[in-house]
Amino acid sequence: MKFIIGFSILTAVAYFIWWGYKNLVGQETKPESKVIDGALCHLCRKPYPYSELVVREKMAGFENYFCGSCINDLVRDYNHKLDEASVSSQSETKILPTPESSTADRAKNIQY
């Protein structure tokens, strides 16, 4: 009985040594992935370089990163929501211009 328990423990130790060595060697032979200096967009979770992201800092120093396409989608959704609300009440005005609108339209819609 002691022989079977000892053999089982020895086999388990040998397996863990082999498994650890295999993983160590596997990590060394993998080609390094292309790393960009950037972050993930907090909405779509795609990687972008910092130059293509808008950064908004929350309290306690946490930062949120947003890509241009997600910002455009948010603007379009917000304007659509305002358009639906303006049907019921005409007092609401469109604050954010859509990305497709002209510069003159953008200047007209900016409120200070």
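Excluded from the calculations below are hydrogen atoms, water molecules and symmetry mates; all remaining heavy atoms, backbone and side chain alike, are included.
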**OP:** List in chain and number order the residues that pass side chain to side chain donor-acceptor pair (under 3.5 Å) with Glu63, two or more places apart in sequence or in another chain; answer none if no residue qualifies.
**Re:** Tyr65

Subject >> Side chain to side chain, Phe66 and Leu53, heavy atoms closer than 4.5 Å >> reply: no

Original post:
Considering residues at least two apart in sequence or located in another chain, which fulfil the side-chain contact (heavy atoms from CB on, under 4.5 Å) criterion with Leu40?
Top reply: Arg45, Pro47

Original post:
Listed by chain and number, what are the side-chain contact (heavy atoms from CB on, under 4.5 Å) partners of Phe62, not counting sequence neighbours?
Top reply: Lys58, Ala60

**OP:** List for me each residue that meets side-chain contact (heavy atoms from CB on, under 4.5 Å) alongside Asp73, sequence neighbours excluded, and say none if there are none.
**Re:** Arg76

Original post:
Closest heavy-atom contact between Cys70 and Cys41?
Top reply: SG-SG, 3.7 Å

**OP:** Find the distance between CG (Leu82) and CG (Asp77) and round it off to the nearest 0.5 Å.
**Re:** 11.0 Å

Original post:
Would you say Ile71 and Leu43 make side-chain contact, with heavy atoms under 4.5 Å?
Top reply: no

**OP:** Could you pull out all residues at least two apart from Lys2 that satisfy side-chain contact (heavy atoms from CB on, under 4.5 Å)?
**Re:** none

Original post:
Other hydrophobic cluster members with Trp19, side-chain heavy atoms of Ile/Leu/Val/Met/Phe/Trp/Tyr under 4.5 Å, chained?
Top reply: Tyr15, Phe16, Trp18

Subject >> Heavy-atom neighbours of His42 NE2 exceed 12 at 6.0 Å >> reply: yes

Subject >> Heavy-atom check, side chain of Pro49 versus side chain of Asp37, under 4.5 Å >> reply: no

Original post:
With a 4.5 Å heavy-atom cut-off, do Lys46 and Tyr48 have their side chains touching?
Top reply: yes

